[in-house]
**Q** 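Next up is a structure, given as structure tokens.
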Amino acid sequence: MARDTQAALVALNRFGFGARGGVSGDLINASSDPRGFVKAELARPNGVLLEAPGLQSTPQLGQAVFAYQDQVKQAREAAKEIASEMAEAKPADKTARPDAMEPNAATPPAAKPSPQPLNVIQKTFRAEALARLQRATLAECGFTERLVAFWSNHFCISASKGELARIWAGAFEREAIRPHVLGRFADMLKGVEQHPAMLFFLDNQQSLGPNSRAGQNRKRGLNENLAREIMELHTLGVGGGYTQGDVTSLARIITGWTFAGRQGRLGPPGSFVFNVNAHQPGPQALLGKTYEAAGLAQGEAALADLARHPSTANFIAAKFVRHFVADDPPPALVARLRDAFVKTDGDLKVMATTLVDSDEAWRAPMTKMRSPYDFLVASGRLLARVPEDPSRYLNGLNLLGQPLWSPPGPNGFADTNAAWAAPEGIKLRLDIAAQIGARLGNNIDPLDLLEFAAADAASIETRKTIERAESRQQALALLLMSPEMQRR
């Protein structure tokens, strides 16, 4: 079978994280059957799951946070008590050291404070980040890891919300996203909206049915944050046919969806629970359909119908094509994915396969700019460096404006060239590429790396630019900034 290096480059860059350096042979392997190379990962559904030593479940992490917060509180109270006792004590006699206030008195240099040890929240976040980065670096193509990143951004939370969000960010992805990436959209939707991290991020634990027992006792009412984002960002999309009245109805329907607190009165601390005392009683009308009072099942039925709504299929298909193919999604390809979504009841594996099988996905020019995360992972793969510490990646993502699991809003990070191809962003990428070149360039031949990355699919301009570099360090930086590394 004839080898197609250009198609292999599309397979690795558009659908994956780029070729790995070293002895992987990714470009050669992909060139003989580019579509089969990408789809091979879809045949290994268990390969999407992520398990690593030390990674704990959401309830376990919730209990760890509650225990840590109790320790901090106790330490703060103890420090306050000591400070109070010292303030009440008799001041020391200052006459014993008459030179203390003299202008020429020698002042001993201040001791440099020792770095504070990482707390359980910081350790957990770094461990989760490292596990994700290592998986993306080691993956053969990286298509399923790209799918994980896509769905994690679609159903995003922000680790910046607070301590619970930060310690739960990785577990949320492992538990609510990964098991369903090659499954059904309805199952992912349910897993996401019932996950404590999402409930905390969008404040649903604060939402009380106005006529519920808790609502009447506490004189508090609905919080519509989660309901609004479910309809606007997770399912139907803007212009998807819903009204403000539907948002309010869905907010009523999902009252009582919460997580158990530190006292564990409703269940194991940090676990999803349905609090019947906070649930708005009675039937609710949503999108023209009445959902009878059925407790937890009322909300689950509403989510199932939202997952199957025609607007959801169209919204998801367009967003999927925009991510993988072009900022302006080809309408025919969007329609094909939408139809696959509808016919298979939201089978995400079928939708991903339909994308890979489409000619449009292979013919479209590679003009999409890699996100900062994609760029850093692709660089690590090409350099054949499996991270043992997440610090450089986390710092780089912060610098480039895509802090891990911390988007600026519930709509996630932008997915267009306008977001990532701005001059300031390109300058920052160049700075990082120069740092990598200075650190690793002495022992690497960038032309060899270009063969791993693109071989004869590399442009003449890229090859000449690298050959003309004044040093290996500069050549490596130029390679990392080339279209073959920046575009997908």
Side-chain angles (χ1 to χ4, degrees), residues 151 153-157 176 180 184-212 214-216 220-259 272 274-320 334 338 341-342 345-346 348 407 409-412:
W151 288 113
N153 191 56
H154 177 76
F155 289 113
C156 71
I157 66 163
H180 310 295
R184 293 172 62 251
F185 178 78
D187 294 332
M188 185 185 290
L189 180 66
K190 176 183 173 183
V192 162
E193 311 306 354
Q194 291 185 345
H195 197 280
M198 182 62 74
L199 297 169
F200 176 77
F201 175 54
L202 291 175
D203 306 309
N204 208 66
Q205 80 279 11
Q206 299 176 11
S207 186
L208 303 177
N211 297 325
S212 68
Q216 292 176 331
R220 278 195 1 230
L222 293 175
N223 185 304
E224 297 183 352
N225 288 355
L226 180 57
R228 180 175 293 103
E229 307 313 354
I230 287 175
M231 303 184 85
E232 179 180 326
L233 300 176
H234 297 172
T235 58
L236 306 177
V238 176
Y242 65 92
T243 66
Q244 174 55 39
D246 291 315
V247 172
T248 301
S249 291
L250 181 57
R252 292 192 191 105
I253 288 171
I254 59 174
T255 49
W257 288 32
T258 186
F259 56 89
F272 169 75
F274 176 70
N275 182 4
V276 66
N277 289 331
H279 182 63
Q280 176 71 7
Q284 302 293 334
L286 176 66
L287 296 171
K289 178 177 178 178
T290 298
Y291 293 85
E292 297 299 330
L296 176 62
Q298 185 184 47
E300 292 180 338
L303 285 187
D305 287 342
L306 286 170
R308 296 185 178 94
H309 196 282
S311 293
T312 298
N314 199 62
F315 177 57
I316 295 299
K319 189 170 183 178
F320 203 68
V334 172
R338 178 196 63 213
F341 186 97
V342 171
D345 194 24
L348 300 181
N411 56 340

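In this text the structure is predicted, and so the values were computed from the model without any measurement.
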**Q** How many angstroms lie between CG in L199 and CG in N225, if you round to the nearest 0.5 Å?
**A** 12.0 Å
**Q** What residue pairs, at least two apart or across chains, pass salt bridge (Lys or Arg N to Asp or Glu O under 4.0 Å) with a residue in residues 226-254?
**A** E224-R228
**Q** Starting at CD of Q205, measure out to CG of N275 and round the result to the nearest 0.5 Å.
**A** 12.0 Å
**Q** Set out, in order, the CA-CA distance, both residues' side-chain angles and the distance that settles side-chain contact (heavy atoms from CB on, under 4.5 Å) for M231 and L250, then state yes or no.
**A** CA-CA 9 Å; M231 303 184 85; L250 181 57; 3.7 Å; yes
**Q** Give the C-alpha distance, both sets of side-chain angles, the deciding distance and a yes or no for side-chain contact (heavy atoms from CB on, under 4.5 Å) between I316 and H154.
**A** CA-CA 9 Å; I316 295 299; H154 177 76; 3.6 Å; yes
**Q** Where is the tightest heavy-atom contact between A227 and A251, given as atom of each residue plus distance?
**A** CB-N, 3.4 Å
**Q** In Å, rounded to the nearest 0.5 Å, how long is the span from CG of N211 to CD of Q216?
**A** 6.0 Å
**Q** Tell me whether T312 contacts the main-chain N or O of A307 through its side chain, where contact means a donor paired with an acceptor under 3.5 Å.
**A** no
**Q** Test H180 against K190 for side-chain contact (heavy atoms from CB on, under 4.5 Å), laying out the working first.
**A** CA-CA 10 Å; H180 310 295; K190 176 183 173 183; over 6 Å; no
**Q** Checking ring pair (Phe, Tyr, Trp, His ring centres under 6.0 Å) against F185, which of F320, F315, F341 comes through?
**A** F341
**Q** To the nearest 0.5 Å, how far apart are OG1 in T248 and CD1 in I253?
**A** 11.0 Å
**Q** If I compare all heavy atoms of F201 with all of C156, which pair ends up nearest, and what's the gap?
**A** CE2-O, 3.5 Å
**Q** Do L226 and S207 have side chains that get closer than 4.5 Å, going by heavy atoms?
**A** no
**Q** To the nearest 0.5 Å, tell me how far T255 OG1 sits from L208 CG.
**A** 8.0 Å
**Q** Does a side-chain heavy-atom distance below 4.5 Å link I230 with L303?
**A** yes
**Q** Under the rule for ring pair (Phe, Tyr, Trp, His ring centres under 6.0 Å), what residues qualify as partners of F200, not counting sequence neighbours?
**A** none
**Q** Evaluate the ring planes of W151 and F155, with Trp represented by its six-membered ring, and classify them as parallel (under 30°), tilted (30 to 60°) or perpendicular (over 60°).
**A** parallel
**Q** Rounded to the nearest 0.5 Å, what separates atom CD in E300 from atom CD1 in I254?
**A** 12.0 Å
**Q** Identify the two heavy atoms, one from S212 and one from P281, that lie closest to each other, and give their separation to 0.1 Å.
**A** N-CD, 4.0 Å
**Q** Enumerate, atom names and distances included, each donor-acceptor pair closer than 3.5 Å involving a side-chain atom of residues 283-294, sequence neighbours excluded.
**A**
{"unit_1": "K289", "atom_1": "NZ", "unit_2": "D305", "atom_2": "OD2", "d": "2.8"}
{"unit_1": "Y291", "atom_1": "OH", "unit_2": "D305", "atom_2": "OD2", "d": "2.5"}

**Q** Is the W257 ring parallel, tilted or perpendicular to the F272 ring (thresholds 30°, 60°)?
**A** perpendicular
**Q** Is there a donor-acceptor contact under 3.5 Å from the side chain of S311 to the main chain of G240?
**A** yes
**Q** Is there side-chain contact between V342 and P310, with at least one heavy-atom pair below 4.5 Å?
**A** no
**Q** Taking the side chain as every heavy atom from C-beta outward, state whether H234 and M198 have any pair of such atoms under 4.5 Å apart.
**A** yes
